[in-house]
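Numbers restart at 1 for each chain; the letters A, B, ... are given by sequence-line order, proteins then strands.
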There are 2 protein chains.
Amino acid sequence: MSLPHALLGLLAVGPNTGYELAKYFEGDLGRYAWQAGHTSVYPELNRMAGSGLIEVTALGPRGAKTYSVTDAGRTELRRWMMAPPADAKVRNEHVLRMFLISALPREDALSLLDRMAESTDESAAELRKVRAEHPDGAPMHGAEGFGQLAAEFGVRQYEAVRDWARWAADRLRAEG
Amino acid sequence: MSLPHALLGLLAVGPNTGYELAKYFEGDLGRYAWQAGHTSVYPELNRMAGSGLIEVTALGPRGAKTYSVTDAGRTELRRWMMAPPADAKVRNEHVLRMFLISALPREDALSLLDRMAESTDESAAELRKVRAEHPDGAPMHGAEGFGQLAAEFGVRQYEAVRDWARWAADRLRAEG
DNA sequence: GCCTCACATGTCAATACTGACATGTCGCTA
DNA sequence: TAGCGACATGTCAGTATTGACATGTGAGGC
């Protein structure tokens, strides 16, 4: 169960409403790290508030509830971050498809690898542009840090996949 | 639902028993791409056999059932591989922890980044050794292909994370 | 021959997650 | 001032997944 820890992490940077928290999961956080819909987020927030990890610290318009992390929550977040469980959960459909390339007929495998290389190259370029908007000396800590770490990670991730796909395609072609 | 596609992919390379299929998920496949226990695998195999994607083609000792992919299964696998759904599911506890680094106090963040850089460097070195055991000209297709693609992907993945962690630690220290 | 371990498959209750549905509010613009 | 779209939270049924439990077999060592 990483969802509560994801929420704890987001709240550790600053108070947020459930709505805003749910939105994070539609961005880079959900794309690279952990996806969740608002239908998981709201019940989880209520559970966490019940167990004292977070608390409602403000009420806004439209019934908005602003949550903040409690001391207990901060302790739990730190514990989880510093001592990762050995059996970390990993599920990634993109990576799965990469692993299964060998199961395809040669021609399909090659065309898929080429497409992967191309699309990850484009994604990397796009992200690099986004990243460029942030000043190079921007603080790495707190709210802005998220975006910068994520963007940099994303760029490197895409580039690694692109290079891997090119390598695999070359190898496969060399066998031809 | 990617589990059936993962199984389809494994079976597309060659017939396997449920037990052997379940074991794949304890290795690199489960570590990087898609994790699943035998308690998901067996019922899923029965479901897939029911819907005609796979079939039992041999019975072995100890009640072992060897499954093979059917034409329908191969078609479905190809469809899924070549036309990825836009909303690919991604869940990765390791990546989540990277994203949340900014939420930690500076000292914790630095020590965690350092540890991440170190452990991914070690993992990369280990995998590189495993990869070296395979002859460089080994076929990229079929059963052996899995291992090679996976190993190469793993190495690049670990190195990318290591480099990212070093970059992040440097940036954070520079802010000092 | 016995013992142990890996092989091999399964059920079932509890938990987690998704997608469809439901409800209402505030701010802006035409 | 009416209407629209984003804001904001939620339930619930159906599905997926996990962890605990259950059961039995074949091979190899002693």
Whole angstrom is fine here: how far is it from NZ in B:K89 over to P in C:dC17? 12 Å
What is the distance from OH of B:Y19 to P of D:dA27, rounded to the nearest Å? 15 Å
Using the test side-chain hydrogen bond (donor to acceptor under 3.5 Å, both in side chains), find all partners of A:R91 that sit at least two apart in sequence or belong to another chain. none
Quick one: on DNA chain D, does A:R91 or A:G63 contact a more 5' nucleotide (nearest heavy atom)? A:G63
In whole angstrom, what separates A:L59's CG from D:dG10's P? 11 Å
d(NZ, B:K65; P, D:dG24) in whole Å: 17 Å
Mind checking what makes salt bridge (Lys or Arg N to Asp or Glu O under 4.0 Å) contact with A:R115, not counting sequence neighbours? none
Residues forming a side-chain hydrogen bond (donor to acceptor under 3.5 Å, both in side chains) with B:E126, sequence neighbours excluded: none
Heavy atoms within less than 4.0 Å of DNA chain D: which residues of residues 31-56 of chain A have one? Give them sorted by number. A:H38, A:T39, A:Y42, A:N46
Sequence neighbours left out, what passes side-chain contact (heavy atoms from CB on, under 4.5 Å) with A:N46? Give chain and number order. A:K65, A:Y67
DNA chain C: B:Y67 or B:D87, which has the more 5' nearest nucleotide? B:Y67
Can you list every ring pair (Phe, Tyr, Trp, His ring centres under 6.0 Å) pair that touches residues 42-65 of chain A, not counting sequence neighbours? A:H38-A:Y42
Can you check the B:L3 CG to D:dT18 C1' distance for me, whole Å? 13 Å
In whole angstroms, the gap separating P of C:dC7 from CG of B:N16 amounts to 13 Å
Please give, in whole Å, the distance from D:dC7 P to A:R62 CZ? 8 Å
Rounded to the nearest Å, what distance is computed from the CD atom of residue B:E26 to the P atom of nucleotide D:dG19? 13 Å
Same cluster for B:V90 and A:W34 if Ile/Leu/Val/Met/Phe/Trp/Tyr side chains link at under 4.5 Å? no
